[in-house]
Amino acid sequence: GQQVMQIPQYQHVQEGEDFTTYCNSSTTLSNIQWYKQRPGGHPVFLIQLVKSGEVKKQKRLTFQFGEAKKNSSLHITATQTTDVGTYFCAEQAGGTSYGKLTFGQGTILTVHP
Amino acid sequence: EAGVVQSPRYKIIEKKQPVAFWCNPISGHNTLYWYRQNLGQGPELLIRYENEEAVDDSQLPKDRFSAERLKGVDSTLKIQPAELGDSAVYLCASSLGTGGPQHFGDGTRLSIL
């Protein structure tokens, strides 16, 4: 079955530093989605990547999908205290399993002011 | 647009008691998901509905868990009897179509005594 590896598990940064989380899969993915969960909150959809090598930006957030569609990354430039939370990648398989998301363990981001 | 509504927000019961959770998805969203999220983990899919049909219930512990989605709108998830290991947050999500961005409710935090 799908294996979703997300690293690091924790990341502490000073406000203004950059942050990156990585997601790796053992299988080729149909697409990958990223979610953010604030402490005490629920996951909130950030973005979906579909194409091989795709790069998308949302203000200070940059999302990449690997050429082989087996890995992805989320990079935040110049973190702010509002970026605090857990960032999850969620991998979507293809074929008959399409529609099923498998979430990674998440990366917990702490930003020190 | 109203979001996904779940109730109750919190539930505390003794082991071996039954418990039920309710979810009202976003209007027009034909796909509904139930997830379980343990502390420090990503959400794990329990069951996925397309309209009123359960299309993926492979992760649902069917000896004690049941779910229904009558008329393809609201859904309920039931546990009977509850065990100590069922303590978790139960999240409901919905999406406009299969594979699209998922919108999560606030979840029900279940504690088993």
Side-chain angles (χ1 to χ4, degrees), chain A residues 1-11 21 23-25 29-51 56 58 63 69 72 74 85-110, chain B residues 1-10 21 23-26 29-51 53-60 69 88-110:
Chain A
Q2 279 181 277
Q3 296 289 330
V4 184
M5 299 298 296
Q6 190 173 354
I7 57 171
Q9 191 172 356
Y10 304 94
Q11 186 76 61
T21 175
C23 193
N24 293 289
S25 172
L29 305 169
S30 172
N31 64 64
I32 193 162
Q33 299 178 10
W34 285 90
Y35 291 79
K36 176 184 179 181
Q37 187 171 23
R38 292 182 185 275
H42 57 266
V44 175
F45 173 79
L46 293 176
I47 209 156
Q48 178 169 288
L49 303 173
V50 179
K51 300 178 182 177
K56 287 188 176 180
Q58 290 180 351
F63 304 84
K69 300 184 73 171
S72 182
L74 159 58
T86 302
Y87 292 85
F88 293 101
C89 62
E91 305 181 343
Q92 184 145 235
T96 56
S97 296
Y98 185 74
K100 177 178 179 179
L101 282 183
T102 300
F103 282 79
Q105 191 174 17
T107 295
I108 301 172
L109 174 64
T110 303
Chain B
E1 169 182 88
V4 175
V5 180
Q6 288 187 248
S7 69
R9 284 298 312 275
Y10 305 92
F21 315 121
C23 174
N24 178 238
I26 292 173
H29 282 194
N30 62 316
T31 309
L32 183 145
Y33 315 77
W34 282 103
Y35 289 89
R36 176 168 58 190
Q37 185 174 27
N38 292 307
L39 190 64
Q41 302 291 322
E44 296 176 311
L45 181 69
L46 293 173
I47 190 167
R48 172 167 66 98
Y49 283 94
E50 298 286 350
N51 298 305
E53 181 184 359
V55 295
D56 185 355
D57 63 357
S58 57
Q59 309 260 60
L60 191 71
R69 192 185 184 196
V89 176
Y90 290 83
L91 293 162
C92 177
S94 69
S95 63
L96 189 58
T98 302
Q102 296 185 17
H103 300 261
F104 285 80
D106 288 333
T108 297
R109 183 175 297 277
L110 175 65

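Here is how names work: the chains are called A, B, and so on, in the same order as the sequence lines, proteins then strands, and each is numbered from 1. Just so it is clear, the structure is predicted and the values come from calculations on it, not from any experiment.
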Side chain, backbone, both or neither of A/Y98 within contact of chain B (heavy atoms, under 4.5 Å): both

Under 4.5 Å from a heavy atom of chain B, the part of A/Q6 involved: neither

Aromatic plane relationship, A/Y35 with B/F104 - under 30° parallel, 30 to 60° tilted, over 60° perpendicular: perpendicular

Flag side-chain contact, heavy atom, 4.5 Å: A/Y87 against A/Q11: no

Side chains of B/V89 and A/H42 in contact at under 4.5 Å (non-hydrogen atoms): no

Engaged part of B/Q6 at the chain A interface, taking heavy atoms whose separation is under 4.5 Å: neither

Step-by-step side-chain hydrogen bond (donor to acceptor under 3.5 Å, both in side chains) determination, B/T98 to B/E50: CA-CA 8 Å; B/T98 302; B/E50 298 286 350; 2.5 Å; yes

Region of A/Q33 that comes under 4.5 Å of a non-hydrogen atom in chain B: side chain

B/D56 versus chain A, the contacting section by heavy-atom distance below 4.5 Å: side chain

Verdict with reasoning, A/S72 to A/W34, per side chain to side chain contact (heavy atoms under 4.5 Å, CB included): CA-CA 9 Å; A/S72 182; A/W34 285 90; 3.0 Å; yes

